[in-house]
Asker: 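Have a look at the structure that comes next, please.
Sequence lines set the chain letters: A, B, ... in the order given, protein chains first and strands last, and positions in each chain run from 1.
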Number of protein chains: 2
Amino acid sequence: MPHPLSTAQALRLWHDVGLSQVQDDEPDLSVRQMTILLSIYLEAPPHTVRALAAKLHVSKPVITRALDAMGKLGLVTRRRDETDKRNVLIQRTVGGSLYLERLADLVSAKSQEL
Amino acid sequence: MPHPLSTAQALRLWHDVGLSQVQDDEPDLSVRQMTILLSIYLEAPPHTVRALAAKLHVSKPVITRALDAMGKLGLVTRRRDETDKRNVLIQRTVGGSLYLERLADLVSAKSQEL
DNA sequence: AACGATTGTTTCGGAACCGTTTCATATTTT
DNA sequence: AAAATATGAAACGGTTCCGAAACAATCGTT
């Protein structure tokens, strides 16, 4: 367990990571999209639209549209739940794993430069 | 200086902070806006549109519009530079300070829960 | 089989953002 | 003083996002 970050270090870290994301040309994910993506990858499946909407305190269309956008970027996929065909199961992709790996490396590296 | 964050801890921290931001009803700043705001508050003045655009690798209108949006939220103000009236000096506000204080407290608190 | 409940998607009008180009103002150079 | 340069803002068209409501498909219950 690391030492907790001081408030000044927290802001510096947030700034440095954000700057790196803005400077490169890749499209930035919104805070909502990023949080959805991280939920999918950090927490145990299955992931459904409804559960994500409840967790984030947002409406279901917000989740649907975020999945549309991230699907286009190859970060997530959807598949029908065969046991209950109303549900959509949200699945991880190689692209999403790589994306978050790079984010994690970036944050970790910046945290060392504090 | 804290221990550096592991990659797993970095993702967990990003998720937790993003989740807190999404859950409350306040409007989320985009990554660009947040980075601009942090630049203004972390680095020494004077801050100009041109300098910020160069630093972030974005066009000047991007900065202008972000300042418009954050100005409406009371997070920054603009003032003409009296010595060179082409310049606009971007200034901090009480609202912006409070906003970043709360962000810093949030990040710092979440980093302790890792 | 029929009705109501549940799940996810689509639609609608409105707002925000983007990139590029154009503009207005101010300064510097000739 | 005139022309060239620099700065920030505004205009333009296109894309994306939002909240709310309506919708289609599926399930559960009776």
Asker: Counting only side-chain N and O atoms of B:Thr64, is one of them less than 4.0 Å from OP1 or OP2 of D:dA9?
Answerer: yes

Asker: Which listed nucleotide (C:dT20, D:dG19, C:dC18) is nearest to the side chain of B:Ser59?
Answerer: C:dT20

Asker: Look at all strands and tell whether B:Lys60 reaches a base, only sugar-phosphate, or nothing, counting heavy atoms closer than 4.0 Å.
Answerer: base

Asker: Distance criterion of 3.5 Å, no angle test: do you see the side chain of A:Arg86 paired donor-to-acceptor with the base of D:dG28?
Answerer: no

Asker: Expressed in angstrom and rounded to an integer, what is the separation of B:Leu67 atom CG from C:dA16 atom C1'?
Answerer: 16 Å

Asker: Is B:Asn87 near enough to D:dA6 that one of its side-chain N or O atoms lies under 4.0 angstrom from OP1 or OP2?
Answerer: no

Asker: Considering all heavy atoms of both residues, which atom of A:Gln21 and which atom of A:Asp28 are nearest to each other, and what is their separation?
Answerer: O-OD1, 3.1 Å

Asker: Contact class for B:Gln33 (heavy atom, under 4.0 Å): base, sugar-phosphate, or nothing?
Answerer: sugar-phosphate

Asker: In whole angstroms, how far is the C1' atom of D:dG8 from the CZ atom of B:Arg78?
Answerer: 9 Å

Asker: Indicate yes or no: does B:Arg12 engage B:Glu113 in a salt bridge with an N to O separation below 4.0 Å.
Answerer: no

Asker: Let me know the distance between NZ of A:Lys72 and P of D:dT15, rounded to the nearest Å.
Answerer: 11 Å

Asker: For the side chain of A:Arg92 and the backbone of A:Ser97, is there at least one donor-acceptor N/O pair under 3.5 Å apart?
Answerer: no

Asker: Which is it for B:Thr35 and A:His15 under the side-chain hydrogen bond (donor to acceptor under 3.5 Å, both in side chains) test, yes or no, and what are the steps along the way?
Answerer: CA-CA 6 Å; B:Thr35 303; A:His15 169 270; over 6 Å; no

Asker: How many Å lie between CD1 on B:Ile36 and P on C:dC18, as a whole number?
Answerer: 8 Å

Asker: Is the phosphate of D:dC17, meaning OP1 or OP2, less than 4.0 Å from a side-chain N or O of A:Arg32?
Answerer: no

Asker: Send over the distance from B:Asp68 CG to C:dA16 C1', rounded to a whole Å.
Answerer: 12 Å

Asker: Measure from the side-chain heavy atoms of B:Val62 and tell me the nearest of D:dT7, C:dG19, C:dT9.
Answerer: C:dG19

Asker: Round to a whole Å and report the spacing from CG of A:Leu56 to P of D:dC18.
Answerer: 11 Å

Asker: Using a cut-off of 4.0 Å on non-hydrogen atoms, how would the nucleic acid contact of B:Thr48 be classed: base, sugar-phosphate, or nothing?
Answerer: sugar-phosphate

Asker: Ignoring hydrogens and angles, are the base of C:dG19 and the side chain of B:Arg65 linked by a donor-acceptor pair under 3.5 Å?
Answerer: yes

Asker: Atom CG of B:Asp28 and atom P of D:dG19: how far apart are they, to the nearest Å?
Answerer: 10 Å

Asker: Please compare B:Leu89 and A:Asp84 by the position of their nearest nucleotide in DNA chain D and report the one closer to 5'.
Answerer: B:Leu89

Asker: Looking only at heavy atoms, which two atoms of B:Pro27 and B:Leu73 are closest? And how far apart?
Answerer: CG-CD2, 4.4 Å

Asker: What is the distance, rounded to the nearest whole Å, between atom CZ of A:Arg50 and atom P of C:dA5?
Answerer: 15 Å

